[in-house]
Q: 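Have a look at the structure that comes next, please.
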2 protein chains.
Amino acid sequence: MVIKMKMSDVAKLANVSTATVSRVLSQPEKVSKDTREKVMKVIKEFNYQPHMVARQFRTKETKTILVVVPDITDAFFSEVLRGIEHMAVRNGYQVILGDAENDPKREKEYTNLLLQRQADGMVLLTARMDQQDLENISNHFPMVLACEYIDGLDVPTVSIDNISSARKATEHLIHLGHTKIAHITGPMNVVLSRDRLKGYQQAMLSHDITINPAYIQESEVSFESSYDQMMKLLALETPPTAVFVFNDEMAIGAIKAVKDSGLNVPKDVAVVGFDNLKMSSIYEPNITTIHQPKYEIGSKAMELLLKLINGETLQKKRFVLNDKLVVRESSGANNKKVTP
Amino acid sequence: MVIKMKMSDVAKLANVSTATVSRVLSQPEKVSKDTREKVMKVIKEFNYQPHMVARQFRTKETKTILVVVPDITDAFFSEVLRGIEHMAVRNGYQVILGDAENDPKREKEYTNLLLQRQADGMVLLTARMDQQDLENISNHFPMVLACEYIDGLDVPTVSIDNISSARKATEHLIHLGHTKIAHITGPMNVVLSRDRLKGYQQAMLSHDITINPAYIQESEVSFESSYDQMMKLLALETPPTAVFVFNDEMAIGAIKAVKDSGLNVPKDVAVVGFDNLKMSSIYEPNITTIHQPKYEIGSKAMELLLKLINGETLQKKRFVLNDKLVVRESSGANNKKVTP
DNA sequence: AAATGTTATGCAATCGAATACAATAAAATA
DNA sequence: TATTTTATTGTATTCGATTGCATAACATTT
């Protein structure tokens, strides 16, 4: 049976005061065994559930944290979310998820939930809103950035080193003998795109390979857009023999374009992606990519946020986790078939 | 500047009572233009944000709805979520997302948020918890099921007709001349698996094809598990020439198994999936599948929930939306390449 | 036995916004 | 002008749980 009762009802039925009922729930050791059992019996019998909003109101704690993802349809984030959620639940917090749909305005709107005291803290997996606003909010409320970040911003951040990862990915292609290496970037308003581009450029320059400007193509974060950009690259007079692509979904788009042009991956064009999505080990050819420790990024970010919520100050603010180059078929480094 | 101020502070600064400030916010037409502007000026100047928990406490409305997905890593749900969220936001509600991780216990835990008045209503995209409990809760709180459902349960539901869809999918293979048609099912504790199996059986029987019991293999909802089941099917003395698979991710697993066995899809084994994920049109061979109107399922479910929350009674409780067979390469019905 | 300490419980204030009701001023009507 | 109606604002209560403080009951020490 479900009955909407309040604490005073329980108190009456158990012949105690509401204070005692409240203590039974939150500090049972303060209550004698007898009363505790008497109260618990009533609570169980009527399946009393405390009115959480009233409790939140009184205690000024929601025990809720807000996570904002740039795009919920991007498979990358689900594992980061798992990491966040597990760490949160283990510490008595629940998670609200906000989908910004790649819109900085919506991102900003979600931060209002903090100002309105609907959440005790916030993990942002996207950082595209106004930097000043963000800084402002983080000065007053617990906040952690993960995956994305803003240079020079004094907000705790968890991510990999995208520049060095991108360098690593590009160098992998260089070491395979490629010099005509293109890069399909993500949108330039996203820091990850800019950093991965930097890494690409660093790798090329440090190996004395001049970068053909036409080899750098900016794409939306989507299969289709990347497909189009790859088609452009293939249409060049001297098409690249290798491409480093912003992420795995886009790498699949690029590969499809190569295939549809009657060419072969990796023989005609070698491809390296980023993120190591599940799909990347399944797709054919399966994709050489940079592995991100997604779950760990999430749980680390939540760990930091919990510290902030508990009033601790973080001596270390920037956490750079280890990535890893995962070599598979699409870059042509080996020909072993990977079976699941 | 971010300052934590309360309504009484605004009232003092604007030289009015809190009642007036409250009215400016919720029923501005009740306040004279002069005072309204005076109050709004203060609100804007100090960026006052009302304490939502206090408001929720007072009004007994959270303007929040809870959505529980069986598995957040399943790409199928992200578009359903979009549908839900858009409809919710358009009506002034926000969405909390719960990930049950395929665990009926966690599903049940999330329903407690309703009992604790943390949400005004609930959309369940999974229905595996105890039926009695579920019915009980839905008798006291607004609740809608979507995608999954429970037969004979009097809770508003939005979904497709999985039996007829599965029949359609199987018949597609039959019409292509196949008789040795296998079915890789999902877990039998999920109603969708049972219904799709039923559809498969109906199609076979109505075309006088005897079902080889070994042709029915139960699989987890994962690429890997489906791969294994397909391997089993191929190891049979008389392997099937066609397979209808529970969903698209699993269909990819099955296709991979066929390929890894040195066989061709669709020539040696035709494959049909379910859901029409984005990936299904990208994978090679791209996958013949049943399209579900994901976004519409979500928005319709939210629409119904809003009606329940507003106290309307639904005359129609079961909403069956239209699915569609999408014929692509994996079933061998045509050989046209589909480019994005 | 008196004084002191300990434990268990209750009383009553409190959190911040919404709102029923009262009060007042201004406008409309008789 | 007196009276009623309408518009605007304020006063004071309320929502349900938590918690500081007071008190009562009991145990321990001197």
Side-chain angles (χ1 to χ4, degrees), chain A residues 3-43 46-64 92 112-120, chain B residues 3-43 46-64 92 112-120:
Chain A
I3 296 173
K4 296 182 196 183
M5 66 182 343
K6 51 181 92 165
M7 193 173 270
S8 57
D9 299 328
V10 176
K12 216 170 288 170
L13 287 162
N15 253 321
V16 294
S17 71
T18 59
T20 300
V21 178
S22 177
R23 285 191 202 101
V24 167
L25 254 27
S26 51
Q27 359 178 18
E29 73 285 355
K30 293 254 177 189
V31 180
S32 77
K33 192 156 166 290
D34 275 11
T35 14
R36 199 188 324 136
E37 281 169 356
K38 195 171 56 177
V39 171
M40 282 310 295
K41 187 160 161 279
V42 176
I43 288 179
F46 293 88
N47 188 30
Y48 164 72
Q49 301 265 5
H51 192 301
M52 293 309 280
V53 175
R55 172 183 291 175
Q56 289 171 7
F57 175 50
R58 175 59 226 237
T59 62
K60 304 271 150 272
E61 278 191 329
T62 60
K63 290 288 177 184
T64 298
N112 278 334
L113 295 187
L114 272 188
L115 307 194
Q116 299 165 351
R117 260 47 65 75
Q118 293 218 65
D120 298 343
Chain B
I3 296 174
K4 296 182 195 182
M5 67 184 340
K6 50 181 91 166
M7 193 173 269
S8 56
D9 298 327
V10 176
K12 217 169 289 169
L13 286 162
N15 254 322
V16 294
S17 70
T18 60
T20 300
V21 178
S22 178
R23 283 190 205 101
V24 168
L25 254 27
S26 51
Q27 359 177 20
E29 74 284 355
K30 293 255 177 188
V31 180
S32 76
K33 191 157 166 289
D34 274 10
T35 15
R36 200 188 324 137
E37 281 169 358
K38 194 170 57 177
V39 171
M40 282 310 295
K41 186 159 162 279
V42 176
I43 288 179
F46 292 88
N47 188 30
Y48 163 71
Q49 300 265 3
H51 192 301
M52 293 309 278
V53 175
R55 173 183 290 175
Q56 289 170 9
F57 175 50
R58 175 60 225 240
T59 61
K60 306 269 151 273
E61 278 191 331
T62 62
K63 290 290 178 183
T64 298
N112 278 334
L113 295 187
L114 272 188
L115 306 195
Q116 299 165 352
R117 261 45 69 74
Q118 293 219 68
D120 297 344

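By convention in this document, chain letters (A, B, ...) are assigned in the order of the sequence lines, proteins followed by strands, and residues within each chain are numbered from 1.
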Q: To the nearest Å, give me how far apart CD (E37(A)) and P (dA8(C)) are.
A: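 Rounding to the nearest Å, CD of E37(A) and P of dA8(C) are 13 Å apart.
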Q: Atom pairs under 3.5 Å, N or O on each side, protein against nucleotides 11-17 of chain D: can you list them with distances?
A:
unit_1  : atom_1 : unit_2 : atom_2 : d
dT14(D) : O2     : R58(B) : NH1    : 2.7
dG16(D) : OP2    : K6(A)  : NZ     : 2.5
dA17(D) : OP1    : Y48(A) : OH     : 2.8
dA17(D) : OP1    : H51(A) : N      : 3.1
dA17(D) : OP2    : M7(A)  : N      : 2.4

Q: Less than 3.5 Å apart, any donor N or O on the side chain of Q56(B) or Q118(A) sitting next to an acceptor on the other?
A: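 There is such a pair between these side chains.
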Q: Please give me the minimum heavy-atom distance between D120(B) and K63(B), naming the atom from each residue.
A: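 Result for this residue pair: OD2-N, 2.7 Å.
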Q: Quick check: are there more than 12 heavy atoms from other residues, nucleotides or ligands sitting under 6.0 Å from NZ of K12(B)?
A: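 No, NZ of K12(B) has 12 or fewer neighbouring heavy atoms, counting only those of other groups under 6.0 Å.
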Q: Does NZ belonging to K41(A) count more than 12 external heavy atoms closer than 6.0 Å?
A: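 No, the 6.0 Å shell around NZ holds no more than 12 heavy atoms from other groups.
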Q: Do F57(A) and R58(B) touch side chain to side chain, with heavy atoms closer than 4.5 Å?
A: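 Not touching, per the 4.5 Å side-chain cut-off.
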Q: NA contact type, V31(B), heavy-atom cut-off 4.0 Å: base, sugar-phosphate, or nothing?
A: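 Sugar-phosphate contact only.
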Q: Would you call K33(A) and E37(A) a salt bridge, taking side-chain N to carboxylate O under 4.0 Å as the test?
A: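 Between E37(A) and K33(A) there is a salt bridge, with a charged N closer than 4.0 Å to a carboxylate O.
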Q: Ignoring backbone atoms, establish whether S32(A) has a side-chain N or O less than 4.0 Å from OP1 or OP2 of dT7(C).
A: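 Negative; the distance criterion is not met.
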Q: K30(A) NZ to dT6(C) C1': how many Å, rounded?
A: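 Answer to the nearest Å: 11 Å.
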Q: Touch check for V53(A), heavy atoms < 4.0 angstrom, all strands: base, sugar-phosphate only, or nothing?
A: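 Since no nucleic acid heavy atom lies under 4.0 Å of V53(A), the category is nothing.
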Q: Distance check: side-chain N/O of T35(A) vs OP1/OP2 of dA8(C), anything under 4.0 Å?
A: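 Answer no for this pair, as no side-chain N or O of T35(A) is under 4.0 Å from OP1 or OP2.
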Q: Should Q116(B) and V53(A) count as side-chain neighbours, where that means a heavy-atom distance under 4.5 Å?
A: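 No. Closest side-chain heavy atoms not under 4.5 Å.
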Q: Using whole Å, report how far CG of D34(B) lies from P of dA26(C).
A: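 It is 13 Å, rounded to the nearest whole Å.
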Q: Using a heavy-atom cut-off of 4.0 Å across all strands, would you classify D9(B) as base, sugar-phosphate, or nothing?
A: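 The residue D9(B) makes no contact with any strand.
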Q: Send over the distance from Q27(A) CD to dT7(C) P, rounded to a whole Å.
A: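 Between P of dT7(C) and CD of Q27(A): 15 Å.
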Q: Write down the distance between CD (E29(A)) and C1' (dT6(C)), rounded to a whole number of angstrom.
A: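 One finds 16 Å between C1' of dT6(C) and CD of E29(A), rounded.
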Q: Would you indicate what V16(B) reaches in the nucleic acid, counting non-hydrogen atoms under 4.0 angstrom: base, sugar-phosphate, or nothing?
A: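 Sugar-phosphate contact only.
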Q: Take the protein atom CG of N15(A) and the nucleotide atom C1' of dT9(C), then report the distance between them rounded to whole Å.
A: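 So the CG-C1' distance, N15(A) to dT9(C), works out to 13 Å.
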Q: Find the distance L25(A):CG to dT19(D):C1' and express it as a whole number of Å.
A: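 Atom-to-atom, L25(A) to dT19(D), this comes out as 14 Å.
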